[in-house]
Enquirer: 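For reference, the structure I am asking about is given below.
Residues take their numbers from the sequence shown, with the count starting at 1. FYI, side chains are in, hydrogens and waters are out, and symmetry mates aren't considered; it's all heavy atoms of this structure.
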Amino acid sequence: MIGEQLLSGSTPADFSHPLWAAAAVRERFQAETLLRAWLKNHPDSTIEELSAASAAALSLKSVAAGAAAVETVIDGVVVDPVLALPDLLRARILRGLGVVGALEAVTQADRPTQAEQLFQLALTQDLPAINADDRVQLAALAKIEPWTQALGLEPVVAPDTLRADLRRIDFLEALGGPDLHRFVGRVRLLKTLNAAWSRSRDTVARIGIEGPGGIGKSLAVSRFVSDVLEGDANDAPDAVFHLDFDRPGFRSARLPILVAELARQAVRYFNVDPERVSRLTRHDSRNRELLGSGRGSDSFREISYDIAALVGALHMKGHIPRIVLVVDSLEQIDGFDFEAVNSLHRLESMLRNEAKVFTILVSRAFSSDFKGEFRFRPTRLGGLTVPEAEQYLRNEAERLGLLPSQTLLRDIRKVVGVSPLALRLAISLIDKSEGEIDPAAWLRAAETSDEAVQAGLYDRILDRIRDPDLRKLARPGLLVRRLDSDLISEVLAGPCEIDLAQRTPESLMEVAEQEGQLFERDPNEPGTLRHRADVRTTMLRLLDESLVTAGQSALVKYINEAAVSYYAAQSTPAARVEELYHRLRLDQAFDLLEDRWTPDVEIPLRQVVSEFPINAQRFVLAHAGGRYGARANAVPSGFIDQRIINRELEQTFTRRLHEGEDLDDLVREIEDRDLGDLSGPAGAVVAESLVAQGKAEILLSSLSSSANKTSGRRFSDQVLITAAAAAEGLRRHFEAERLWVQARRQARGANTVNVRIAAVAGCARIRRKLFRNAESRTREVNELRDLVTSGLTELMRNTTLVREAAAELGDDLLSPMANRSAFWTVRDLLSQIVRTGDALPSSAEGPDRRRLLASRLGLPQGEAYSERSLDEALTRLVFSEKAEDTRRLVSMLRAEVDWTLERAVRRAV
């Protein structure tokens, strides 16, 4: 009541107490923390002064945004809520303080945020140059803009410019990730892109970029787009569109979905009025069916009109519009989905009818058919040059406060290589916990974590391989350099666990030839493939180490011995090279090697000498001439930190669990390896296994408060999330609330945004079910909205989490004008799960469930409905503008989330 009166101004308020000033210059604060700081600075306070300070703290709690109506209790401890002053009240207090008073208050702030630091610098007029590519800095400026305005100061950056910069960065982050301000090098590629952009004024311009995962393809394109957007206004594009086929919903995308995505981006990033393109987003099921089957010329004509309307809605400059179309992750459809490729081709052609289009195609590898259809020759992107790699390391180290020597940069670069992803992972190894950074410790961390850095690269490659047998062939099949049908049959089928009764070697060779990320044709030997040299050079040592660590040395030996036998039976020079290669890998005796050595093998084997054991290296280098002998000691000894082993184990078990491996076998293996502890490296897998086996009670008992306090164990955030969801599925809502709150608190330090989204969505959902802590739920929904917006790309890869986030943000659909950005974000989430068929998972349960869903959708009763017909009905609700339909949609979505949770613990109804 007091808070409402203060906010409305109906009660005279004295904001002169220093606590109000302290709160007004902080983004967020805790009233008790401010009070304790005041008491520390005023140890000789009188009773009256103490009473006034306590009253000010209570008033702050009453009026601040996010204050809980009741005390928050976690594990029996009362937690002071984190608060923020409402904007109007903050402005009122700042006006009363003036510049001098505000500066005095913010100077005393303990551990200021970046926004608070910039506010202080703005007050002293000492602001540094603003980096227009640094979103964190720009977001901080946007936060303090109303603060400086309240004090009558000139804005640091004009509000319209600031908003435009943030929109630009949001688009560029969606295009190439958040690392644009870390970009270095790629001079030749940027010149190629700029030359093609200039040509696009007069002719068809199309560029293809290919390279392995993590090499920086998307980031380089993002740098180019940023340059042309910020360059000469007369040469800037009218729009830049980005289609990423790595998004699950796009892997089978057809023309209407692609056009709808362009319309969405036009609204979000290029200030197009949503009403002018609203029809483009309504790709109803009839059009999708016609276009997906290749029929319906009228529909194609209609879409061409829609594209003309879209181009016309863009802000033009008195000329034929110029558009950049960036198409990323084409390896997801190239060679796998002809209709998706054809839809992309039609879209590009339709755009060219209305505008001058510069198309940038990005893939890990292009097929010859794709290159022929789109008529381009790709630019192959490799690692950075040595100077570029070392400049990248220098820039990032200096951002963290370390001034590295050239020797240190060279040593780090030698350890991790020149891949941008590997360099970024190397930067993450800098220990910042002890304040001053130790350069020697960084080098040691890089040397001992090299396997983890390279594992991140290889896992990104393997994750993109669709064919499960081909994934098996990639690991441990990487131990051989050359592939043909007979070698697969005689050498690799057994150790790679390929069932030749179900899969012929010839069919595997066909698939491998299409998979350009790992294999390439050998022009000297028709009918053979070779592992790509760049991938193999990077990953072979890691594979050797990981197989030894996993106790599979015998497997390595078996493959090499089988390869020796296979090649020894052949008489070609190429076979002799491969035979000796595997003998050297086995570190066989010198007399055996001498008997098989010929002059023809010297150069091919010398080129891969680093892949052999030390003694074998000496043998090769001795036969290649004494001038190479100094290289014999070039390979550093291997060492694997236990933490890396634990991470690898967790990733391995999680992957096997998700691939459907028998749960009982997995649990037995975990127990055999003494990893069956919920607080151990396999804890997340143990938790999921218990739930999946109907043993949720055991999981919850293990995580009970008493058990935790007795054992002193700490569980991972993923274990807590699994347990909280299980408790909710069992309808033990108060227990679920405790676990969700604990998971949310712990997940704040999570590396992946999806973990945080899962925890915050769970908290918001359980508050709604318990009809309490409305203020806390509001705070959680706001946090969820921010997380979804910032992590949309990662979120879209997890359809279950998309459904849960959309269910809790569904109320944003009821007030589109209140928060237009939030409205479109939720619409994007819903469109995603409708496109992928994941909106109504319970429809697969059977006819009875589908009849129940049909009734909830308002469909006529007494008819039989398929999963597809229900999805079509739901699609109409998604794009309906009626409030009644929106409420029904949100209700159904929340019911589906509940069904999924209960189904997981065998309680679905």
Side-chain angles (χ1 to χ4, degrees), residues 171-172 175-176 186-211 217-218 220-245 255 258-259 261-262 265-266 269-270 300-301 303-330 333-334 340-363 365-381:
F171 174 77
L172 293 173
L175 175 61
R186 304 301 190 196
V187 175
R188 183 178 300 177
L189 175 62
L190 291 177
K191 285 183 178 178
T192 301
L193 289 169
N194 279 294
W197 172 240
S198 297
R199 290 198 308 271
S200 69
R201 286 183 176 274
D202 306 311
T203 186
V204 173
R206 192 181 289 119
I207 288 288
I209 303 172
E210 66 176 7
K217 302 182 296 294
S218 298
V221 173
S222 183
R223 176 75 276 167
F224 162 75
V225 169
S226 176
D227 289 345
V228 297
L229 285 174
E230 295 177 355
D232 183 357
N234 294 322
D235 195 44
D238 299 286
V240 181
F241 294 123
H242 175 225
L243 300 175
D244 186 359
F245 284 94
L255 190 56
L258 299 180
V259 173
E261 176 63 12
L262 299 192
Q265 292 182 21
Y269 302 122
F270 297 99
F300 283 125
R301 189 178 300 111
I303 287 184
S304 69
Y305 296 152
D306 288 340
I307 289 178
L310 170 62
V311 174
L314 294 168
H315 175 66
M316 300 309 170
K317 304 167 186 174
H319 57 241
I320 298 175
R322 300 181 71 196
I323 291 172
V324 177
L325 175 64
V326 181
V327 189
D328 208 348
S329 304
L330 280 161
I333 61 170
D334 181 9
V341 173
N342 189 44
S343 294
L344 174 62
H345 202 221
R346 287 180 179 273
L347 175 70
E348 187 197 43
S349 300
M350 291 178 176
L351 282 172
R352 289 189 186 280
N353 289 336
E354 306 297 332
K356 295 180 178 179
V357 181
F358 174 36
T359 305
I360 303 174
L361 304 167
V362 184
S363 177
F366 293 104
S367 70
S368 56
D369 289 341
F370 189 94
K371 288 183 286 189
E373 181 174 355
F374 282 83
R375 298 181 182 177
F376 71 97
R377 294 182 64 183
T379 298
R380 180 76 188 169
L381 200 61

Enquirer: Just to verify, what does Gln265 make a side chain to side chain contact (heavy atoms under 4.5 Å, CB included) with, not counting sequence neighbours?
Expert: Phe171, Phe241, His242, Glu261, Tyr269

Enquirer: Identify, with sequence neighbours excluded, every residue that meets side-chain hydrogen bond (donor to acceptor under 3.5 Å, both in side chains) alongside Asp227.
Expert: Arg223

Enquirer: Between Glu354 and Ile323, is there a side-chain heavy-atom distance shorter than 4.5 Å?
Expert: no

Enquirer: Looking only at non-hydrogen atoms, find the nearest pair between Leu310 and Ala266 and report the distance.
Expert: CD1-CB, 3.7 Å

Enquirer: Tell me the closest heavy-atom pair linking Pro237 and Val324, and the distance in Å.
Expert: CB-CG2, 4.0 Å

Enquirer: Mind listing the closest non-hydrogen atom pair of Ala196 and Ala205 along with its distance?
Expert: O-CB, 3.5 Å

Enquirer: Taking all atoms of both residues into account, what is the closest heavy-atom pair of Ser343 and Leu255, and its distance?
Expert: OG-N, 3.4 Å

Enquirer: Just by distance, no angles: are the side chains of Arg188 and Thr379 close enough, under 3.5 Å, to form a donor-acceptor pair?
Expert: no

Enquirer: Write down the atom of Glu210, the atom of Ala365, and the distance for their closest heavy-atom approach.
Expert: OE1-CA, 3.4 Å

Enquirer: If we ignore hydrogens and angles and just use 3.5 Å, is the side chain of Ser349 paired with the main-chain N or O of His345 as donor and acceptor?
Expert: yes

Enquirer: Would you mind listing every salt bridge (charged side-chain N to carboxylate O under 4.0 Å, His left out) that reaches into residues 189-206, with sequence neighbours excluded?
Expert: Arg201-Asp235, Arg206-Glu348

Enquirer: Ignoring hydrogens and geometry, is there a side-chain-to-backbone donor-acceptor pair from Lys217 to Gly211 under 3.5 Å?
Expert: yes

Enquirer: How about Met350 and Val259: do any of their side-chain heavy atoms sit closer than 4.5 Å?
Expert: no

Enquirer: Could you work out, with ring pair (Phe, Tyr, Trp, His ring centres under 6.0 Å) as the rule, every residue matching Phe376, not counting sequence neighbours?
Expert: Phe366

Enquirer: When Ile360 is tested against each of Asp328, Leu193, Leu325 for side chain to side chain contact (heavy atoms under 4.5 Å, CB included), which residue passes?
Expert: Leu193

Enquirer: From Phe224 CZ over to Thr192 OG1, what is the distance, rounded to the nearest 0.5 angstrom?
Expert: 10.5 Å

Enquirer: Going by side chain to side chain contact (heavy atoms under 4.5 Å, CB included), name the residues that satisfy it together with Asn342, two or more places apart in sequence or in a different chain.
Expert: Phe338, Glu339, Arg346

Enquirer: Show, in sequence, the C-alpha distance, side-chain angles and deciding distance for Leu347 and Ile307, and conclude whether the side chain to side chain contact (heavy atoms under 4.5 Å, CB included) test is met.
Expert: CA-CA 9 Å; Leu347 175 70; Ile307 289 178; 3.8 Å; yes

Enquirer: Let me confirm one number: the CD1-CZ distance from Ile207 to Arg377, rounded to the nearest 0.5 Å.
Expert: 11.5 Å

Enquirer: Using side chain to side chain contact (heavy atoms under 4.5 Å, CB included), reason through Leu262 and Leu351 one step at a time and then give a plain yes or no.
Expert: CA-CA 11 Å; Leu262 299 192; Leu351 282 172; 4.1 Å; yes

Enquirer: Have a look at Phe374 and tell me which of Leu330, Val327, Thr359, Leu344 forms a side chain to side chain contact (heavy atoms under 4.5 Å, CB included) with it.
Expert: Leu344

Enquirer: Testing the basics here: between Val311 and Ala355, what is the closest heavy-atom pair and its distance to 0.1 Å?
Expert: CG1-CB, 4.4 Å

Enquirer: According to salt bridge (Lys or Arg N to Asp or Glu O under 4.0 Å), who are the partners of Asp369, at least two apart in sequence or on a separate chain?
Expert: none

Enquirer: May I ask you to decide if Arg322's main-chain N or O and Asp238's side chain share a donor-acceptor pair within less than 3.5 Å?
Expert: yes

